[in-house]
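Keep in mind that this is a model prediction, so the values were computed, not measured. Basis for what follows: all heavy atoms, side chains included, without hydrogens, waters or symmetry-related copies.
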Amino acid sequence: MAQSTETKKPAGQRWIIILLAALIVLLVAVLAVVLGRGGLQSFNDEQTPKIGYATEAKVMLDEDSLQAAIDEAMENAKNGMVALQYQNDAFSEDGTTFSCMIANAASNLYDMFLTIYADDALTDQLFLSALVPPGSGFEEITLDHALDPGDHLVYVVVTQVETDDSGTQAIKNQVIHTIKFHVAEK
């Protein structure tokens, strides 16, 4: 019996690669949504600023660079740099307007915007917020389109945005949370 010369990657490395591929797809989807809507609007600003990308961003193709990026993201998360305060459940009578509690934690260093998707592939966008300053949030949101009666697991993409002194904005960090959306039976 011939032996294969191919070496298998440890399961942990495969998950890291899958996670990073999903993050890249997510960033492309968020960029498409933001550009398709003409950028983001700040609560305190009449103009519509655009989100830019940090000039130090680079493509990482080797596993060591990918692992270093994941380690840095995990360290940032440990330091409370991406903190979303939310309740696990949101409720609606009509499938469009939901009572909820979703907030940018006061301990965060950056404004953030929220994108809510109905599916784990992040293709069915339900909601896109304007920038939410630290310590601010929502007690009610209105979706772009209604959900059917019943229970739905939605995906909340939290994107932190850093604004420099010149007003240029760059995506700083991004994480995904899930929340259960409940629509009353009619």
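Note: I116 CD1 to I141 CD1 = 3.5 Å, rounded to the nearest 0.5 Å. Rounding to the nearest 0.5 Å gives a distance of 12.0 Å between CG of L128 and CG of L143. With rounding to the nearest 0.5 angstrom, the OG1 atom of T115 is 10.5 Å from the CG atom of L126. With rounding to the nearest 0.5 Å, the separation of CZ in F113 from CD in Q169 is 9.5 Å. Between atom NE2 of residue H182 and atom CD of residue E93 there is a gap of 13.0 Å, rounded to the nearest 0.5 Å. We find the CG-OG1 distance between D144 and T96 to be 10.0 Å, quoted to the nearest 0.5 Å.
Counting only distance, with no hydrogens or angles, the side chain of S92 and the backbone of V183 share no donor-acceptor pair below 3.5 Å. Between the side chain of D119 and the backbone N or O of D124, at least one donor-acceptor pair lies under 3.5 Å. Using modelled atom types, no side-chain atom of T178 and backbone atom of L153 make a donor-acceptor pair closer than 3.5 Å.
P133 and D111 make their closest contact through CA-OD1, 3.2 Å (heavy atoms, listed as atom of the first residue, atom of the second, distance). Closest approach of Q87 and I179 over heavy atoms only: O-CG2, 3.7 Å. Here the closest heavy-atom approach between residue P149 and residue A184 is recorded as CB-O, 3.7 Å.
Y155 is linked by a ring-ring contact (aromatic ring centres under 6.0 Å, His included) to nothing, counting only residues two or more places apart in sequence or in another chain.
By the 30° and 60° cut-offs, the orientation of the rings of F127 relative to F138 is perpendicular.
Between N104 and S136, every side-chain heavy-atom pair lies at or beyond the 4.5 Å cut-off. Within the 4.5 Å cutoff, the side chain of V158 has heavy atoms near those of the L114 side chain. The shortest distance between side-chain heavy atoms of L109 and Q160 does not fall below 4.5 Å. Residues K180 and D151 are not in side-chain contact: their nearest non-hydrogen atoms beyond the backbone lie 4.5 Å or more apart.
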Evaluate the criterion side chain to side chain contact (heavy atoms under 4.5 Å, CB included) for residue pair L122 and I176; output intermediate values, then yes/no. CA-CA 10 Å; L122 307 178; I176 299 175; 4.0 Å; yes
